[in-house]
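As structure tokens, the structure follows; a few thoughts come after it.
All values below come from the heavy atoms of this structure, side chains included, with hydrogens, waters and symmetry mates left out. None of these values were measured; they are calculated from a predicted model. Positions are given from 1, in the same order as the sequence printed here.
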Amino acid sequence: MYLFISPSFLHLSPPFLPSQFLPSFISVHSVMIGGSLILAWLLRYGWRSPHDCQLNLQERWQKALVRFVLSPLLVFVNAIAILSMGSAGQMMGVPVGKVSYAIAGIFLLYCGGRILQLILTGWQSLKRLENLAIAHSDHDIAPSISADAKLIDINLPFAAQIGFWRSRLFVSTGLLNTLDASHLEAVLCHERAHAHYHDTFWFFWLGCCRQIMPWLPNTQALWEELLLLRELRADLWAAQYTDNLLLAESLVVMVQHRIAPAFTPEFTFTAAFGENQNNCASRLEERINFLLTTSESLPKFSWRSFLWLGFALMPLIAMPLHS
């Protein structure tokens, strides 16, 4: 008995490729895009508010910052990796595809356009606020306010650092008329803390992460957490130079005046005293309790956060596999 073997069987291509098991419309880049989106969603979904946990300020900073930044950064780096590899070639025997390449390019263009829009909006808001500024001398404001501070002629008590890397202090006439010298100095110490940490610069980029991918789970909750932690850090820094009780009393006065409809601008490059207290009374209570009872030290820079954020660079590992 003879076994007939077709000649074509002897010319099989070497070990068969994964592409034989995938539909023709699926490319390895589309798998990367889908995987990064799913992973980004899961990383955010697992976050829970730490208000009831025994975490110190340093731990809350690290947890909220990593959860907030890691997801959009992972998707962004993944798009850069796909765009760098191009639309031709294969990875592990699977074609890369042009559709996923176009999707990555469109996403990066969207990110760039959104960031430029936020920069333009912030710049226009800053210019409008500068147009409201009135001429003054040092004695018109207060001895403790620097000469480059801007005075705004509005009745609402308002004090904020506004700008990018080198922010400028804006103070309203309503603030000068509402607070006495000691309480005013407490507010100014708080605003100097924002300038010390360059909060306007760093929170602009955090705001970009928020605006680019707002559909991720817990985006607003994490944003509010970061705003609160920023204010707690500024309060803690200011407490080194002024009395905690004065800070707490000033905060209550500022928030009470903001309950009524008034001038409450939402600038892109701003860090204002009490700005995130309007929508949540519990945040105000937490800040006051923190000021009156805390014995914590100021949060310090931690390399651990960068190690976690290095996880977002994982898509770059796939680049050498492209051929």
Side-chain angles (χ1 to χ4, degrees), residues 44 46-71 157-162 167 186-187 189-211 214 216-240 244-245 247-259 264-302 305:
R44 281 283 189 87
W47 183 82
R48 293 292 180 270
S49 175
H51 293 304
D52 298 330
C53 302
Q54 300 299 319
L55 298 178
N56 58 37
L57 190 60
Q58 177 82 25
E59 292 168 336
R60 287 178 66 179
W61 258 113
Q62 290 182 0
K63 185 176 181 180
L65 185 63
V66 170
R67 292 282 185 154
F68 187 82
V69 176
L70 183 56
S71 292
F158 177 77
Q161 290 287 341
I162 300 178
S167 58
V187 173
C189 280
H190 176 96
E191 290 306 318
R192 282 195 286 269
H194 288 310
H196 173 77
Y197 288 109
H198 300 285
D199 282 336
T200 53
F201 174 81
W202 296 114
F203 271 78
F204 167 76
W205 295 110
L206 292 175
C208 289
C209 293
R210 174 195 177 205
Q211 295 293 333
L216 287 171
N218 295 310
T219 295
Q220 188 61 28
L222 277 165
W223 176 251
E224 291 292 337
E225 172 73 0
L226 287 170
L227 286 178
L228 174 62
L229 294 175
R230 180 186 73 177
E231 297 306 311
L232 291 178
R233 182 179 64 179
D235 289 339
L236 194 57
W237 189 92
Q240 300 176 115
N244 294 19
L245 183 59
L247 272 170
E249 292 173 347
S250 301
L251 178 60
V252 172
V253 171
M254 296 281 283
V255 172
Q256 285 176 343
H257 281 80
R258 289 185 179 226
I259 293 176
T264 54
E266 183 179 344
F267 295 107
T268 308
F269 315 132
T270 182
F273 187 78
E275 67 175 335
N276 66 321
Q277 309 305 320
N278 293 327
N279 299 325
C280 188
S282 63
R283 304 268 178 176
L284 173 61
E285 182 180 356
E286 182 172 355
R287 280 188 65 181
I288 293 176
N289 289 338
F290 183 83
L291 280 168
L292 299 180
T293 62
T294 187
S295 58
E296 292 189 34
S297 57
L298 284 166
K300 298 180 180 179
F301 174 80
S302 174
S305 299

A side-chain contact here means heavy atoms from C-beta on lying under 4.5 Å apart; do [X] and [Y] qualify?
X	Y	answer
E286	N289	no
F204	C208	yes
L251	E231	no
F68	R44	yes
L226	F203	yes

I'd like to check the side chain to side chain donor-acceptor pair (under 3.5 Å) partners of [X]; sequence neighbours left out, ordered by chain and number.
X	result
Q211	R114
Q220	R210, E224
Q62	S302

- Partners meeting side-chain contact (heavy atoms from CB on, under 4.5 Å) with L291 (sequence neighbours left out):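 L291 satisfies side-chain contact (heavy atoms from CB on, under 4.5 Å) with D235, L247, A248 once adjacent residues are dropped.
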Using the test side-chain contact (heavy atoms from CB on, under 4.5 Å), find all partners of C189 that sit at least two apart in sequence or belong to another chain.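 Testing C189 for side-chain contact (heavy atoms from CB on, under 4.5 Å), a comparison that skips the adjacent residues, returns E185, R192, A238, Y241, T242.
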Counting heavy atoms not belonging to W202, are there more than 12 under 6.0 Å from its CH2?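 Not more than 12 within 6.0 Å, no.
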Working to the nearest 0.5 Å, report the span between [atom1] of [X] and [atom2] of [Y].
X	Y	atom1	atom2	answer
H190	M254	NE2	CE	9.0 Å
L236	N244	CG	CG	8.5 Å
F201	S167	CZ	OG	12.0 Å
L228	L57	CG	CG	9.0 Å

Practice task
Kindly write out the residues that satisfy salt bridge (charged side-chain N to carboxylate O under 4.0 Å, His left out) with R233, not counting sequence neighbours, or none if the list is empty.
Solution key: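 If we apply the salt bridge (charged side-chain N to carboxylate O under 4.0 Å, His left out) test to R233, skipping adjacent residues, the hits are D199.
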